[in-house]
Amino acid sequence: MSYARTISVCRHVTGYPHATCRPAPRCPRPQPLPGLSHLTALCRDTKPAQPRRTLHTRTPTRTPTRAPTRTPTHYTACTHPIPMVSVKVPSTPAAFTEALAAYIIDQQDAALKRSNRFNVAISGGSLVSQLYEALVKDPRSAPKVHWAQWHIYFCDERLVPLNDPDSNYGAFKHHVLDPLLAHHENATPPILGPTCYAINESLVGLDENDRIADEYASLLPGAGFDLVLLGCGPDGHTCSLFPGERHAFLLEEQKRPVMWCPESPKPPADRITFTLPVLRAARALCFVAQGAGKRAVLQRILGGADGTAHDSADTPLPCARVNAECPHTTTWFLDTEAAGDIAARADM
Ligand SMILES: O=C1O[C@H](COP(=O)(O)O)[C@@H](O)[C@H](O)[C@H]1O
């Protein structure tokens, strides 16, 4: 038995409230894509930022607001100015878990003041086990998570069956949903789990990858995301937005919220991914990067101790593009290994 309700493209709820997680059956007819016009409308004022070559200081605190008119500022003058994003480098693993949990719960609480649901998108990779630590295992944070009101989407998904070890949904189920169920197994009255939105697995392997992306786009919340949790690959990719010419079309997309990413340089080759309009429309974006293997790319994206970035101004890495286009809503959580000398100028 699994803990979450899983919804796929036809909006079938495949279990309530504790029923088995499984994808919805194949949709009998194509669905309209309500998410597209909405996101286009939301993003009217969010054209890519034009870097300015001025010297600024960061404001000490930021209050993320709904799709603000973005006038990016930067805290250094260099060939590739770094947008003013918040960077947190908690000093120990325990402090990292605590700070990340507090940040996510703050976003949850703010969302639940606005409505009765928390629309959150999560990434795969190393983030998932950190979510387990912060939201399931930590005894101080776990009781504050209102899972029943969480509507969970995936920033990118590998086009494999949901029970494949490469599936981002599968990883989240394995690392978070299943342990969560085990934690709550004997709760009286029963505690409801989150609602998860998976790809239409029945289309995987049928040469229908654009359709998988479009159908997933149709599921996205009309009000946009309250929080998007992002990873940062050692090559600077986020979601399945990869650096380089081959995948530049994904980074440049301004309308479709979800697209097929073919020939991913990181296996598996076929994926779907959120595009930048979805990230720009979100209330809050949170990158999580840990380990020394990320240090070099973070220097390129966030700069070194003096705030000097080493990324090329012409072809910024995907994570740097997110910083540039969403400067007021983006927060980075780095561990000390990943941060290196960035820690010297972090907010925490
Ligand atoms: O392939 C992917 O990689 C990125 C980064 O993963 P990480 O293990 O280096 O943290 C991840 O954010 C994305 O969702 C995933 O599909």
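Counting convention: from 1, in listed order, for ligands and their atoms alike. Throughout, residue positions are numbered sequentially from 1 according to the sequence presented.
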Does atom NE2 of His174 have more than 12 heavy-atom neighbours from other groups under 6.0 Å away? no
Could you list the donor-acceptor pairs under 3.5 angstrom formed between side-chain atoms of residues 129-137 and any protein atom two or more places apart in sequence or on another chain?
unit_1, atom_1, unit_2, atom_2, d
Ser129, OG, Ser126, O, 3.3
Gln130, OE1, Gln290, NE2, 3.3
Gln130, NE2, Thr97, OG1, 3.2

List for me each residue that meets ring-ring contact (aromatic ring centres under 6.0 Å, His included) alongside Trp150, sequence neighbours excluded, and say none if there are none. Phe118, Trp147
Do you know the tightest heavy-atom contact between Glu215 and Asn200? OE1-ND2, 3.0 Å
Quick check: is Tyr153 connected to Val204 through a chain of hydrophobic side chains (ILVMFWY, heavy atoms under 4.5 Å apart)? yes
Pairs satisfying salt bridge (Lys or Arg N to Asp or Glu O under 4.0 Å), at least one member in residues 87-113, at least two apart: Glu98-Arg140
Applying a heavy-atom distance cut-off of 4.0 Å, which protein residues contact ligand 1? Ser123, Gly124, Gly125, Ser126, Asp156, Arg158, Asn168, Gly231, Cys232, Gly233, His237, Cys239, Lys266, Arg271, Lys294
